[in-house]
Amino acid sequence: MTSPTITPQLDLDSEQLARAYERESATRQFESGKRLVGDLALVPGERVLDVGCGTGRLAEHIADIVGPSGSVLGIDPLVERIAIARGRSRAHLAFEVGDARDLGGLSDASFDAVLLNAVFHWLPDKAGPLASFIRVLRPGGRLGLTTWPPGQRTMLQQARLEVLAEPPFDRHVRPADGVLFRVDEDRMRALLGQAGFTDIRIELRPAEQTFADAEAAIRYSEASAFGNFLGHLPVELRARAREEIRRQLQAKVGDQPVVRREHRMVVFARKPEGA
Ligand SMILES: C[S@@+](CC[C@H](N)C(=O)[O-])C[C@H]1O[C@@H](n2cnc3c(N)ncnc32)[C@H](O)[C@@H]1O
């Protein structure tokens, strides 16, 4: 029997989670985004689309680089995050509620670069969004993204899986990989090629994040998953599952911090000149 596909829900976010994300993303997530932006070699005057911009920290950084002769548009489906991002708006930096699955409101060839920092694995369908990204890029425009490849499981993800496999939580169909849709290097290359991208470069970079304890690791995941951490469970079971995961994870690390070690996939591609 095949399990139904469980996709991320975009209506589980809250002001509290959005604020937590704004705080928690200021370190590792932002650093990874800045490195992606650096590698894209943006220059003053360029027009950039930041898809899944969250609370807008990275888009603001990009706006500083492209300057007032350029422009940055950040889009995200989460209203609470866009509300925080709008506090950063300037003449050449705008934020809209929007979804990678529907860029119909954006004109063809209207951006020099499109980027997604830690967003691609949240998209169940890849082909549709990639077709939109290449459409809104000018010929020669660049795509840059960071994402998590499959085949790695953090200690927190392991604890979560173990707890959710036990009653009463096991009665609720759960996705094996959270609600993430990760693709490996070969699949990524194929998807980009099918969408029409060229000059594809894919790197795997070691990434490490340390949390003081299990509670801090869970708080980060809750904020970065915008309510999807235990979103498949009925509301009345979530607090109990959370506590059991916390206990299990803390038992794994004892009095040591929780260290999350993974490889991040960093991807660059270009729309062909003349396309
Ligand atoms: C881990 S956060 C990354 C936020 C931001 N890029 C950053 O670097 O801090 C993942 C983001 O992906 C966004 N996201 C999820 N599904 C999306 C979709 N279908 N279209 C656009 N963004 C989406 C979420 O709303 C969330 O803000």
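Since the model is a prediction, treat every value here as computed from it, not as a measurement. As the structure lists them, so they are numbered: ligands from 1, and atoms in each ligand from 1.
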- Note on the structure: For atom 23 (C) of ligand 1, the closest protein heavy atom turns out to be P77 CD, 3.5 Å

- How far does CD of Q248 sit from CG of L156, to the nearest 0.5 angstrom? 11.0 Å

- Does the pair R238/E236 count as a salt bridge with the N-to-O cut at 4.0 Å? no

- Query: Is any side-chain N of the basic residue among E222 and R242 closer than 4.0 Å to the acidic one's carboxylate O?
  - Reply: yes

- Message: If you take the centroid of each ring, where Trp contributes its six-membered ring, are F211 and Y220 closer together than 6.0 Å?
- Response: yes

- Would you please indicate yes or no on a ring centroid separation below 6.0 angstrom for F120 and W148? no

- For K126 and F181, indicate whether the former's side chain and the latter's backbone hold a donor-acceptor pair under 3.5 Å. yes

- A100 neighbourhood, listing ligand 1 atoms whose heavy-atom distance to it stays under 4.0 Å: 18 (C), 20 (N), 21 (C)

- Under 4.0 Å, heavy atoms only, figure out whether ligand 1 is touched by the backbone of L123, its side chain, both or neither. side chain

- Query: Does even one non-hydrogen atom of G33 get within less than 4.0 Å of ligand 1?
  - Reply: no

- Query: Looking at Q29, which atoms of ligand 1 are within less than 4.0 Å of one of its heavy atoms?
  - Reply: 1 (C), 8 (O), 9 (O)

- Query: Should one rank L103, D99, D125 by closest heavy-atom distance to atom 19 (N) of ligand 1, which comes out on top?
  - Reply: D99

- Message: Salt bridge check, E244 against R247: does any charged N sit closer than 4.0 Å to a carboxylate O?
- Response: no

- Message: For atom 10 (C) of ligand 1, tell me which residue out of A118, G52, A26, A223 has the closest non-hydrogen atom.
- Response: A118

- Item | Heavy atom of D76, distance to ligand 1 below 4.0 Å | yes

- Message: Tell me whether C53 reaches ligand 1 (any heavy atom closer than 4.0 angstrom to a ligand atom).
- Response: yes

- Item | Contact partition for F226 relative to ligand 1, non-hydrogen atoms under 4.0 Å | side chain

- Note on the structure: In this structure, atom 8 (O) of ligand 1 is nearest to the protein heavy atom N117 ND2, 2.9 Å

- Query: Without hydrogens or angle criteria, can the side chains of S71 and H92 be said to hold a donor-acceptor pair below 3.5 Å?
  - Reply: no

- May I ask you to decide whether E162 forms a salt bridge with K252, counting only side-chain N to carboxylate O separations under 4.0 Å? yes

- Can you find a non-hydrogen atom of Y21 under 4.0 Å from ligand 1? yes

- Give the atoms of ligand 1, by number and element, whose distance to some non-hydrogen atom of R101 is under 4.0 Å. 19 (N)

